[in-house]
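For reference, the structure discussed in these notes is given below.
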Protein chains: 2
Amino acid sequence: MPWELDSDRPIYTQLMEQIELKVCAGLYPPGGRLPPVRELAREAAVNPNTMQRALAGLEESGLLYTRRTSGRFVTENQDMIRAVKSRLVREHTRDFLNKMGRLGFTHPEILEAVSSLMEENKNE
Amino acid sequence: MPWELDSDRPIYTQLMEQIELKVCAGLYPPGGRLPPVRELAREAAVNPNTMQRALAGLEESGLLYTRRTSGRFVTENQDMIRAVKSRLVREHTRDFLNKMGRLGFTHPEILEAVSSLMEENKNE
DNA sequence: CTCACTGTATTAGTTAACTAATACAATGAT
DNA sequence: ATCATTGTATTAGTTAACTAATACAGTGAG
């Protein structure tokens with residue numbers, strides 16, 4: 001299946017986010033090998049150069065590393081992965097609180113809104 | 001002060017969001033007149049054409065309307081404004097739950113994360 | 001009437017993102 | 001040794017977003 005890509009932000013940014021997410025979720029386990037650039041690009045329905053750029057970005061941050069001719073791998077450093085995950089949690093939560101706050105919601109009201117939407121989607 | 005603009009998404013989209021937000025928050029009250037395009041553009045530190053595009057978008061959705069030579073106004077239809085606000089709340093909450101879910105968080109864990117970040121920022 | 005102010009339209013130019021099509025070098029299996 | 005596979009680099013072309021600089025038309029106050 002093609003990846004969920006939004007047309008209103010740079011593709012390579014979204015690719016970085018999605019790969020980061022897959023690593024945090026354990027879909028690409030620590031030390032594990034990723035599919036080749038060309039295959040990832042095909043999978044995401046994206047030009048290989050774009051995927052290459054996304055991967056290079058994640059490599060810069062240390063989450064991935066390359067063995068020149070044998071493939072690209074997830075870091076074995078589980079602490080780093082945990083740190084990325086924590087960062088994402090904080091960012092998402094902070095952004096959410098910020099957006100709701102700007103809409104005039106108080107903290108208790110926010111909790112209420114979250115709970116009620118959870119109730120609605122209990123089945124998932 | 002210049003508006004909070006992110007460089008990784010189209011400016012006019014962000015302008016639309018921010019104006020929408022100001023309307024929902026009552027900063028631009030129902031039926032009220034907005035500042036002229038040129039002034040809004042100056043305020044946001046953006047080219048007038050870009051601001052014009054954003055405003056045209058919001059007009060298309062019905063949230064704003066124009067009296068050709070005397071200015072641009074917020075709709076008097078308070079139900080529409082309430083509807084927009086509800087939509088935003090739902091979208092933000094849904095997105096947040098989705099992101100946290102992908103990171104492997106259960107519903108109780110999400111509530112916990114929100115509460116704890118609220119505690120941290122009680123002062124705001 | 002005149003003039004400043006309103007929204008709108010047009011034309012041109014810049015830049016970044018993305019696609020496309022290759023080419024190269026290193027490795028490892030056969 | 002050969003050859004397919006790996007990541008990487010290069011060059012070119014397209015498109016959308018944004019800026020820039022004007023020009024136009026209607027309105028309302030003086």
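In what follows, every chain begins at residue 1, and chains take the letters A, B, ... in the order their sequences are listed. Excluded from the calculations below are hydrogen atoms, water molecules and symmetry mates; all remaining heavy atoms, backbone and side chain alike, are included.
Atom CG in L64(B) sits about 16 Å away from atom C1' in dT8(C), given to the nearest Å. In this entry the distance linking CD of Q14(B) with P of dA16(D) reads 19 Å, nearest Å. The CZ atom of R67(B) sits 16 Å away from the C1' atom of dC5(C) (whole-angstrom rounding). Rounded to whole Å, atom P of dT6(D) lies 11 Å from atom CG of L40(A). Here the P atom of nucleotide dA9(C) and the CD atom of E59(B) are 10 Å apart, to the nearest Å. Computed from coordinates, the F73(A) CZ to dG7(D) C1' distance equals 11 Å when rounded to whole Å. Straight-line distance from the CG atom of D8(B) to the P atom of dA17(D): 14 Å, rounded to whole Å. Rounding to whole angstrom units, CD of residue E39(A) and C1' of dT5(D) are separated by 12 Å.
Each salt bridge (Lys or Arg N to Asp or Glu O under 4.0 Å) pair with one or both residues in residues 109-121 of chain B, not counting sequence neighbours, appears once here: R90(A)-E120(B), E119(B)-K122(B). Judged as a salt bridge (Lys or Arg N to Asp or Glu O under 4.0 Å), the pairs with a partner in residues 20-42 of chain A (not counting sequence neighbours) are, in order, E20(A)-R87(A). Sorted by first and then second residue, the salt bridge (Lys or Arg N to Asp or Glu O under 4.0 Å) pairs involving residues 62-76 of chain A (not counting sequence neighbours) are E59(A)-R72(A).
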- prompt: Taking protein heavy atoms under 4.0 Å as touching, what does nucleotides 23-30 of chain D look like 5' to 3' if B marks base contact, S marks sugar-phosphate-only contact and - marks none?
  reply: B--BS---
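For dT6(C), the OP1/OP2 oxygens have a side-chain nitrogen or oxygen of R33(B) closer than 4.0 Å.
Here the straight-line distance linking atom NZ of K99(A) with atom CZ of R94(A) works out to 10.0 Å at 0.5 Å rounding.
Residues from residues 46-53 of chain A with heavy atoms under 4.0 angstrom of DNA chain D, sorted by number: N49(A), Q52(A).
Qualifying salt bridge (Lys or Arg N to Asp or Glu O under 4.0 Å) partners for D79(B), counting only residues two or more places apart in sequence or in other chains: R82(B). Take D95(B) and apply the side-chain hydrogen bond (donor to acceptor under 3.5 Å, both in side chains) test, not counting sequence neighbours, and it matches no residue. Every side-chain hydrogen bond (donor to acceptor under 3.5 Å, both in side chains) that N47(B) has, sequence neighbours left out, goes to N49(B). Residues passing the ring pair (Phe, Tyr, Trp, His ring centres under 6.0 Å) test with F105(A), sequence neighbours excluded: none.
Along DNA chain C, the nucleotide nearest to Y12(A) and the one nearest to P36(B) differ in position, and the one closer to the 5' end is contacted by P36(B).
Note on R102(B) versus E17(A): no salt bridge recorded, every NZ/NE/NH1/NH2 to OD/OE distance being 4.0 Å or above.
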